[in-house]
Structures are given as structure tokens and as C-alpha cells.
Amino acid sequence: MKTFKVFGLLFTLVLMIGVLAACGGSGENNEQAGGDSGESSGSIIVGGSSAMQPLIGAAAEQFMSENPEVQIEVQGGGSGTGLSEVASGNFDIGNADYFAESKDDIPADELVDHKVAVVGMTAAVHPEAGVDNLSKEDLKKVFTGEVKNWSEVGGNDQEITLVNRPDGSGTRATFNEFGLDGKTPAEGITEDSSNRVKQIVADTPGAIGYLAFSYFDDEGTVTPLSIDGVEPSDENVQTGEFPIWAYQHSYTKGEPEGLTKEFLDYMMSEDIQNNLVPAQGYIPATEMKVERDAEGNETDK
Amino acid sequence: MNRRITNKLATIVFVLCAAIMSITLVYLLGYILTSGLSYVDMDFLTSNSSSFQEGGGIKNQLWNSFYILVVTMIFSVPLGVLGGIYLAEYAKPGKLTNVIRTSVEVLSSLPSIVVGMFGLLVFVQYAGLGYSIIAGALALTVFNLPIIVRVTEDSLRAIPVKQKNASLALGITHWHTVKTVLVPAAFPGILTGVLLSAGRVFGEAAALLFTAGLSTRNLDFGTWDPFDSTSPLNPFRSAETLSVHIWKVNSQGIMPDLDAIANGSAAVLIIFVLIFNVTARVIGNMIFNKITGSK
Amino acid sequence: MSKAQNNEAVTHRLLKKNRSSAKRNERTGKIIVFTSAAIIIAATIAITLFLGYKGLKTFFVFDIDIWNFLTSTTWDGTSESGAFSFIFGSFAVTFLAALFAAPIGIGSAIFMTEIAKKWGQKVLQPVIEILVGIPSVVYGLIGVTVIVPLIRNHIGGLGFSLLAGMIVVGVMILPTITSISADAIKAIPIDIKDAAYGLGATRWQTIYKVIIPAALPSLMTAIVFGMARAFGEALAIQMVIGNVKGLPDSITDQAATLTSIITLDMPHTTYGSVHNSLLWSLGLILLVMSYVFIIIIRVVSSRRKI
């Protein structure tokens, strides 16, 4: 008898909390919608690309410590989730590491793109492969499985093992488009995490994968490849000489307003672009000397 | 002669099987605890996690795990116990009972990732709860419900029929008998089952990936108003739990000390799961001793 | 006299009132428990319907050929994709894990019921209970940090492999198989065993000729239960199997399962895209398979002799 009453009570309590909090939640939103007076308060939800989560998260933390009345929740979920949720209005900002235009079922014309940073990436090989430079043609041959041994492209006699990213990941899309000129790589072990890719490449003689610049360290556990003799460096990406790079996009549905706008402006501010962005291994979007559109056409800025 | 040798050999093989199992467990626990506990200190348990820097803790993840567990239990225990009562006391053999039994069986054999996908669709998207504690707890309820139903039914059936008949003979109605005689008598058994299932819920991750989300806010343990967005009690915030954290750190993490964090979190997770298990066992033994009257 | 009559009337009234409130109480009780039972049915139906709806969309809305979907091994998130490599991977892991766990599990069950009952009760029982309780991410973590390097260094290949998946999942389903098997063996009437011993049979002969045949349907049930768990396991497998979208050539090759691809690809897809819909179809296969496992278990246990 007693237990029943306790259960009943708890159950009702939870339901009540639920209903009340739901009301509270919507109240909060109203407040935010009406709060365009310039005061930094209210809350927004940012989400999407898990690769971008640390950068946006760190910026949000800084922003919140400067504006204590603000709540910015940074969720992961993946680029696909980010685009879907921002298009349907559940996220205020949706992060993606590819252009929304590349997804057919996303109404890209309703979304406004804010390119908050640039990431450069290149192929990472095990040091024993004996290569540190490949021509783009050779790189394609390696990844499409046309070449099976490093000796065929000027390296040691060592079998090639491919390390891939999942379909739909922004890193994979960028590498395929600009590193392999749209060729589909042959099948290989597939890992989502850059750390895991780095570890597998480092542990497996003859392995090749691809990583953002920030994952290469001085210890030389994995060798970054130059492509057509161009070194993978931030400068070469900025001038457009090194081909494999991508924007980190923050999308909003329509032009941003209120807190969303304030936060995006903050992301593009000198302080964030010149300190936080490079600290996390990204290239500041403001420093780029070339531009690229959704079709991949590059123009000087 | 031959027979005796075969017999000896067979015995050795069986002992070996049992040894493999016990050694596996000892190794598993030993490995997790030795490789993980060295990272666990007060600082690890009480600081916020960091998504890219060294030295992140698990304070919020640990809290989220417990909070989701509690909310899940609030949903699943009453529902499961009542469902179990129905099956043990009210169900008449027939089509309907069959359907319910099949339902319980289906629910208990669903892969947790499928439960997670269902949760994503219905609770996160259709119901508009977003990645939240409530959505996660509802998904876990689906996962936990069949266990509670079974435990309740078994505990009720284990009660001697005499006890029930005595109550009914006094003219007390069936429902009243259930409430005042049967449920109290079955309570220790139900409690044991609930504790065991709590261990499973606490460690579940696949069903939460798509429902409770992969991130957590930095909670402010000074605000206990459930409507406040940083309140630990807010059920509408996304909440990465400890087990989800282990998976995420291991497969997506970019912090330099990710192995340390994963191992440390695993050690903490295992300790809590062990606590649930041991408590359940102790309670179970106490009941066993009480029933058999042995000491 | 009138006082007595009065008393009787009061008692009568009270009884009547009591009875009607009791009746109402009884009805409320019935409604409450029945509602709970109905919710359980509703949940099951909802899951089946929603997954069916989302999973079948691939074939009816995106017009993907079911046969191609089930037999093709290319998977690129477009309408040409097929799930055969993952179906194969899931079955491979399930059968290999059962092959590895079933003998050890049944062996342990016989140990704890026939050879050393005291040890079984005092040591193995808790061991099983704790093993069941260890979360799957922890198994996965140990797989990545211990088993994968072990395979890489001693057997060859990348370490991430079907073999690693088989070991991790095998250990996970070991306690399930053991505990159900042990219950089955315990349920064999003692007279049968005594009769065998009485005829001068050794313990092994009794086990082999009497106990195993008598418990066979239940032992099969135990294995199928284990396989059902292996089939649906997601995170632990995803962490160790390498997730290669193709058919493995050998056991040390990487592979992928239905669950590992859902886990890996889901966050990268946009809602309503073909890719997303394909993942729901994989989920539907998992759901259908859990129904299939239930049917197998029912058929097998209906043949139970004891």
C-alpha cells in the first residue's frame, strides 16, 4: 500500500516537473525572442559536427564567462544532424564541416552560411612507408587501390593499408573532393575519430589515412605528405597552393538575430580568430587569401 | 580403465571451462581497476569534462548517469510492477495474455541500438523533447520495463498460495489482497531485481547515443531549480552519461589524455555497477535466509 | 429486541457500504494493472510500426530494389547501396561468438551443477552475475586496449578484425549461455541421474549419455539467447571490428555489422536522406531478426522433454 502511494507520488511529481519545465522552457524562448534590445541574455543551442564541437565549445565557454547571463549549449551529433536540426529550427546554429548545398534534402537556400574557420588536411602515412611526398596522381592511385605497394610510388617494399572515414563525414568528403579529385577510395578500415586514425597509422607499417594538420606532431609517429611538392602548412592553405582544405561552417536559418548573431560575431572577432582558432589547430577564416564556393571553385579574395 | 581415463579427462575439461570464466572475470576487473584507478582522484570526480584539453573530469557525466537512472526507474518501476501484477494475478490464459507475454519477450530481446533509434524518432523528434534526459530515460524505460515485469511476476508467483488464500478467505478483495499481502511479501524480491536492472541501466550506452545526446552542460550545483538551464535537475537538457562518455572519448575524443579518461571512467563505472550487484546479492541472500530460516 | 434489530440494520448497512466500496476498489485496481499491461503492448506495437514505417520507406519512397539492398555489397549512402556485407558481418560475429562461447558456457554450467556444486554456488554464480552486469562499452574498451594489440602483435593484420569482435562478443554472451544452461541442467529430475549412476556409469557417461540429451532443447535455447544478444550488440563491436564495408577474406580481416554501421553513419546523415533511410532499413533488419530469434526459441523450447 505504502509503496504504491510512494510510486504514485513520485510519478505525479515527475509529470508535474515535466509539464512545468516545459512551460518554463517555452517561457525562456519567448523571453529570448523579445529580448532583442541588445542585452546579452537568454540561451541558444548550437550543435552538429563533432569535429567542430571543441572549437565552438571553447568559444562558447569564453563568451559565457564574459556574459554570465547567457547560456550557450554546444551539442555534438554530427554534421548531418546539425544541418537537419537547424533547418527544422531545433538548433539556433547548426555546425557542419561541409557545404549544406552538398546535401540534397537540406533546403540550403533557407540557411545562411557563416564560415568560422578553415581546416587543412593531408594524407598521413606510417614513417616506414618511406614517402613524404606524392604527386596527386599517385595519391589517387594509392587510395583507389590501383597501387598496392609503396615501392610502386617510390617508397619502401611495404604493402599499403588504407584507413578511411565513414561515409558522410566531412573529413572524408573534403579529402575525396580535393585530394582525390572526386574519386571514391577503395575500402579500408573505417574509423570516425582522428585520434584513432592517427593511432592505427602509427601502429601499422604501410598504413595511410588522412588527418587535419593539428594532428601531426614533432615526434613523427606519422608522416604528413606533401602533395605535388607543396608542403602541408597553414601558409600554403591560405594562399591556395595546398589544395586539401575545408571551411568549418556555422549555419543559421535565415539571418541571425539577437544572441545568435552576437555569438557568431564573437566567433569572427579578432580575439577568437587569432587566438582560439589557431590554438585548436584551425586556420582563421579571416586570414584566407582565397575563397571557395559550394561547387568547389576557388577564387582570389 | 579407458572409461576412467575419459571420465578424468572430461572432468578436467569442465574444470577448465569454469576456470576460463572465472579467470576472465578476474582479469577484466583487475585490468580495469589497475589501469583506471590511478587516474581516479577527487579532482577527476569533481571537475568538468573538457572536450579538447588535458585533465578533464567526469563530474557532470557521473551525475547525469545517476539522474537518468532515477528518472528511468520512476517511469519503469511502477509500470513494470503493475504489469507484473497483471500477469501474475489477473491474466487469464488466452490470446490477450499471450500477446502481453510476447510483447515482454520482444521488448527484452530488442537490440539497445534499435531502442535508441526508436527513441530518436519518437521522443527526440516527434515529441520534440530534443536530446534530453527525459528522452533518454523514456528510451531506457522501454529497455528496462520487461526486466521489471519479469522480476515482479516471478516474485509474486514465489509467494506461497496459502498466504494469498488466507487473505481471500477473510473476504478481502483481490486488489486489496494484492496491495496488502502479495506486494509486501514480494517486495524484497522485486527490490533485488530492480537493483540488478539498475546496474544494467547505469551502464547502458547504445540506447542513449541518439536520445540523451553526446554532450553535457557544465552544471551549476548551486541551482536546484529544475527550470534553470544549468540546474542539475533540469530534465530537458542533453546529458552525456558516464558510459556514453567512455564511448565518445574512445571513438571521437581529441584530448591528449583520452586513454587515461576512458580508463578512469571505466573504473568508476565498474565500481558503481559492482555496488549495485553486491547490494542486490546481499539483499537476495538476506531474503533467502529469512525464508529458509537458516542462518 | 428493537435495539438488536437496530444493530443488525446498522451492521447490514455498513457491510453493504463496505462491499460496494470494495467493489469499486477492485475495479480501480483492475483498471490500473490493465492499463500498465496495455502500455507494454502499445510500446511493442509502436516500435514495430515506427521501425517498419521508417525502414520500408527505403523501398517504397526511394524506390530501392529490396533484392539489390539485401544482396549488394557496395555501400556509399546512395540508392545503389546494399547491406549484404553487414548482414554477413552480423551473422559471422554471432555464429563465431556462439561457437566460442557455447562450449565454455555449457562446460561451466555442467561444472557448477554436476561436478562442484559448492564451488558453483559460491564462486561461479557471483562470477556469472558480475560478468552479465559489466557494461558493453567496458568490454569494447578492453577489446581496443588489450585484444586488438594482442591480435596485431601475435597473429597479424591490423588487430581490428572479425576475430576481435568474436572474442569480445563471445565473452559478453558467455554468462548468458552459462546461467540458462545451468538452470536447464538443474531442472533434470534427480532420478534419471541416479538411475544412470546406479547402472555403474561414470560421471562423464552420465553427463554425455543422460544429462546432455535430456537438457538439449534447453541448452539450444540458451545458445540462441546468447546469439540474439550477440546479434544486437552495437558499441563493443563497433569499437573493435574495424568497420570495413566489404566482405572479409579471413577472420583477421576487418568487417562491419548492421549495428556498427548504424552507430558510425547515423550522426553524419541528414534526416530524410536516402542514406538515413538506408540506416533505418538496417534497424528494421535488426528488429525482424529479434522476432526471428524469439520464434526459434519458442520452437526449440516447445520440444523440451522435461
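Every chain is numbered from 1, with letters handed out A, B, ... down the list of sequences.
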Answer with side chain, backbone, both or neither: which region of [X] has an atom nearer than 4.5 Å to a non-hydrogen atom of chain C?
X	value
B:Val13	neither
B:Thr24	side chain
B:Asn7	both
B:Phe210	side chain
B:Leu25	both
B:Val149	side chain
B:Ile20	side chain
B:Val26	neither
B:Tyr27	side chain
B:Thr102	both
B:Phe202	neither
B:Val106	both
B:Gln125	side chain

Inter-residue atom distance [X].[atom1] - [Y].[atom2], 0.5 Å rounding:
X	Y	atom1	atom2	result
C:Met289	B:Ser109	CE	OG	11.0 Å
B:Ile85	C:Ser36	CD1	OG	8.0 Å
B:Asp259	C:Thr145	CG	OG1	8.0 Å
C:Gln205	B:Thr6	CD	OG1	7.5 Å
B:Arg101	C:Ile41	CZ	CD1	11.5 Å
C:Ile294	B:Glu105	CD1	CD	5.0 Å

Do the ring centers of C:Phe34 and B:Tyr86 come within less than 6.0 Å of each other?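 Yes, close enough.
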What part of [X] gets within 4.5 angstrom of chain B, counting heavy atoms only: side chain, backbone, both, or neither?
X	answer
C:Ile40	both
C:Met266	side chain
C:Phe231	neither
C:Leu51	side chain
C:Arg298	side chain
C:Pro126	both
C:Val144	side chain
C:Ala234	side chain
C:Leu141	side chain
C:Gln238	side chain
C:Trp280	both
C:Tyr271	side chain
C:Ala109	neither
C:Ile207	side chain

Please report the shortest heavy-atom distance between [X] and [Y], naming the atom on each side.
X	Y	value
C:Pro135	B:Val273	CG-CG2, 4.0 Å
B:Gly203	C:Val137	O-CG2, 4.4 Å
C:Leu235	B:Ala206	CD1-N, 3.6 Å
C:Val33	B:Leu82	CG1-O, 3.6 Å

With a 4.5 Å limit on heavy-atom distance, are the side chains of [X] and [Y] in contact?
X	Y	answer
C:Thr44	B:Leu110	no
C:Gln125	B:Arg281	yes
C:Lys30	B:His174	no
B:Leu28	C:Leu131	yes
B:Pro111	C:Ser290	yes
C:Ile47	B:Leu107	yes
C:Arg24	B:Thr173	no
C:Phe111	B:Met21	no

Can you say whether the rings of B:Phe14 and C:Trp204 are parallel (under 30°), tilted (30 to 60°) or perpendicular (over 60°)?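 Correct class here is tilted.
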Let's test your reading of the structure: which of [options] forms the most heavy-atom pairs below 4.5 Å with chain C?
options	result
B:Leu209, B:Val99, B:Val15	B:Val15
B:Val142, B:Val122, B:Val104	B:Val122
B:Ile172, B:Ile246, B:Leu145, B:Thr11	B:Thr11

C:Glu26 side-chain N/O to B:Trp175 backbone N/O, donor-acceptor pair under 3.5 Å: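 Yes; judged by distance alone, with no hydrogens or angles, the pair exists.
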Among [options], who wins on heavy-atom pairs under 4.5 Å with chain B?
options	value
C:Glu233, C:Met112, C:Arg27, C:Lys54	C:Lys54
C:Leu287, C:Ile134, C:Ile45	C:Ile134
C:Val123, C:Ile106, C:Thr263, C:Thr28	C:Thr263
C:Ala46, C:Ala38, C:Ala201, C:Ser136	C:Ala46
C:Val132, C:Val138, C:Thr259, C:Thr35	C:Val138

Other residues, nucleotides, ligands: >12 heavy atoms within 6.0 Å of C:Tyr208 OH: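 No, because the 6.0 Å sphere around OH of C:Tyr208 holds 12 heavy atoms or fewer from other groups.
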Are there more than 12 heavy atoms of other residues, nucleotides or ligands under 6.0 Å from atom OH of C:Tyr197?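 Counting neighbours around OH of C:Tyr197, more than 12 heavy atoms of other residues, nucleotides or ligands fall under 6.0 Å, so yes.
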Quick one: do C:Asn25 and B:Lys179 satisfy side-chain contact (heavy atoms from CB on, under 4.5 Å)? Show the steps, please. CA-CA 11 Å; C:Asn25 226 325; B:Lys179 283 197 296 187; 4.0 Å; yes
